[in-house]
Every structure is written in C-alpha cells, then in structure tokens.
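I have placed the structure first, in the form of structure tokens, so that the comments after it can refer back to it.
Whatever order the structure lists ligands and atoms in, that order sets their numbers, starting from 1. All values below were derived from every heavy atom in this structure, side-chain atoms included, with hydrogens, water molecules and symmetry-related copies excluded.
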Amino acid sequence: MIDPFLSGNPLAATTPDEIKVDFVLLTHAHQDHILDAYPIAKANEATIVATFELAAYMEFQGAKTLAMNIGGRVNLGFAEVQMTHAFHSSGIVLQEQGQIIYGGMPAGFLIRWNGLTMYHSGDTGLFSDMKMLGELYDIDVAFLPIGDLFTMGPEDAAIAARWLNAKAVVPLHFDTFPPIRQDTAAFAAKLESMGIRGIAMKPGERHQIG
Ligand code: NI
C-alpha cells in the first residue's frame, strides 16, 4: 500500500482495519499520506518503507521499518522498489506542540512487480528529470497528482505523462478537499488524445493492468 489516508479522508471507500498488506510505502510525511500508516503497519505486522528520517519517525512509534533514500533500490521479495526524487515538502506538523519537524525529503517510487514497471511520483510539481525516467525505464503505468495548488495540476501532469513516456496514467491527489477538485474524465480524455491510456478511478474501484 502507498500513502494510506483513509480515516481522515471524506472520500475513502474503505477503513484502515480492512486493509491487508505486507508493506506500506510512504512518499513523504504529510498527514494526508501517513495518517493511517502506523495503525495499518501495526495491525498487519507490515514494514513501512520510507526515507531515512520518516522511517525513523515511524520506528519511534513502534513500527517495523525499512529506511532508504533517493536513488536507492531494495528488493521486497515480491517486487523491487527504487526511490526517486520529487519536488514538494515533507515536514511533520505537530499541532499541539506548535512545531514542525523534519520528515526527510519528499520522494516517489519506481516499482517493478510481475514484469510491470510502475512509477508513483508522490506529491510533486513537474520536473524535467521525468524525461530521464522516461528514457531510462519502460513505464507501464504512472500514478501522477493532478490536484493543483499543492502539486501539479492536470496540464502539467499531461506533460509529465508525455515526458515519462508512460503507457497508462492513473491520476491521484484530487477531490479530497475543495481546493483540489478536478475533472478526471477531462484529464483522461486529454491523455487519450495524446495516445496515452488515462485511467480515472473512483474510490474503491479496482483496475487490472497487463
Ligand atoms: Ni504532500
């Protein structure tokens, strides 16, 4: 599972206690990405995979963790994961103490699983190294934010899809809060016009690739 945000998510179609996983991958430390990571990891005896600092933060709470950092690869047994960079922030806001603590660098993941290469960019703006990722790797499906304001919007995400040379794209990070509402059908149609499969999913939906 990547970036579990269910209990605080008004659009979630499932609850943390329904999740069965072996690994929880975290792209960065923002609340809308890590909120349910510890309870899910604890209930499943799953390992949290994150940047060194975020893994340490989760370990302090009692989670089993696998720390890594940008550029590194690790074999999880069923899949190989490589951490990529992302242009975002990653502080952990401690509301009650009025403090923000360093949560490591924000990241993305390249996941090689069952002969497929998936790229989850994490929260990020558009960056030209996506061209490099597209050149180096044969990306079957890319998961890209389209919400705008805190990440890329749909226009930049379409450019990202082209630079990544991704065969299919699943939009992420939209609609949970009013400022990031987006028209995912229009985004998928835009991708289709570029010869890229656009897979706009609703909460709870399943999609099989390959
Ligand atoms: Ni974020």
Side-chain angles (χ1 to χ4, degrees), residues 1-12 14 16 19 21 23-41 48-58 60-61 63 65 67-71 81-111 118-130 133 142-161 164 169-182 184 187 200-201 203:
M1 186 171 208
I2 302 171
D3 289 356
F5 176 55
L6 299 170
S7 58
N9 183 341
L11 298 182
T14 186
I19 304 295
V21 288
F23 292 93
V24 180
L25 277 56
L26 300 178
T27 61
H28 65 296
H30 287 156
Q31 271 298 94
D32 58 335
H33 294 256
I34 69 167
L35 186 65
D36 301 308
Y38 176 70
I40 288 172
I48 294 178
V49 181
T51 49
F52 178 76
E53 289 80 2
L54 182 52
Y57 176 77
M58 290 293 168
F60 294 154
Q61 296 180 51
T65 62
M68 61 189 304
N69 221 321
I70 291 160
V81 167
Q82 181 171 13
M83 195 169 260
T84 58
H85 58 273
F87 284 81
H88 194 61
S89 59
S90 186
I92 301 167
V93 179
L94 304 175
Q95 289 286 0
E96 284 159 30
Q97 292 95 314
Q99 288 180 351
I100 298 177
I101 56 175
Y102 181 65
M105 293 289 281
F109 290 109
L110 274 162
I111 302 168
M118 295 173 279
Y119 170 61
H120 185 304
S121 72
D123 283 7
T124 187
L126 182 65
F127 58 89
S128 59
D129 277 355
M130 287 177 175
L133 297 175
F143 298 81
L144 304 173
I146 64 160
D148 218 330
L149 191 61
F150 295 107
T151 67
M152 296 187 283
E155 286 171 19
D156 282 357
I159 296 169
L164 291 162
V169 171
V170 178
L172 302 175
H173 214 273
F174 58 87
D175 284 3
T176 34
F177 312 107
I180 60 169
R181 284 222 175 101
Q182 293 296 340
T184 52
F187 176 68
M201 296 173 69

Indicate yes or no for a side-chain donor-acceptor contact from D156 to the backbone of G125 under 3.5 Å, with no hydrogens or angles considered.
no

Report the protein N/O/S neighbours of the Ni ion (ligand 1) that fall below 2.8 Å; do not count waters.
H28 NE2, H30 ND1, H88 NE2, D123 OD2

Angle class for the H28/H88 ring planes (parallel below 30°, perpendicular above 60°, tilted otherwise)?
perpendicular

With H120 via ring-ring contact (aromatic ring centres under 6.0 Å, His included) - residues at least two apart:
none

Report the residues that fulfil side-chain contact (heavy atoms from CB on, under 4.5 Å) with N9, sequence neighbours left out, ordered by chain and then residue number.
F5, L11, A12, T176

Donor-acceptor pairs under 3.5 angstrom involving side-chain atoms of residues 95-105: please list them, not counting sequence neighbours.
none

Measure from the side-chain N and O atoms of S90 to the backbone N and O of A29, and report whether any donor-acceptor pair falls under 3.5 Å.
yes

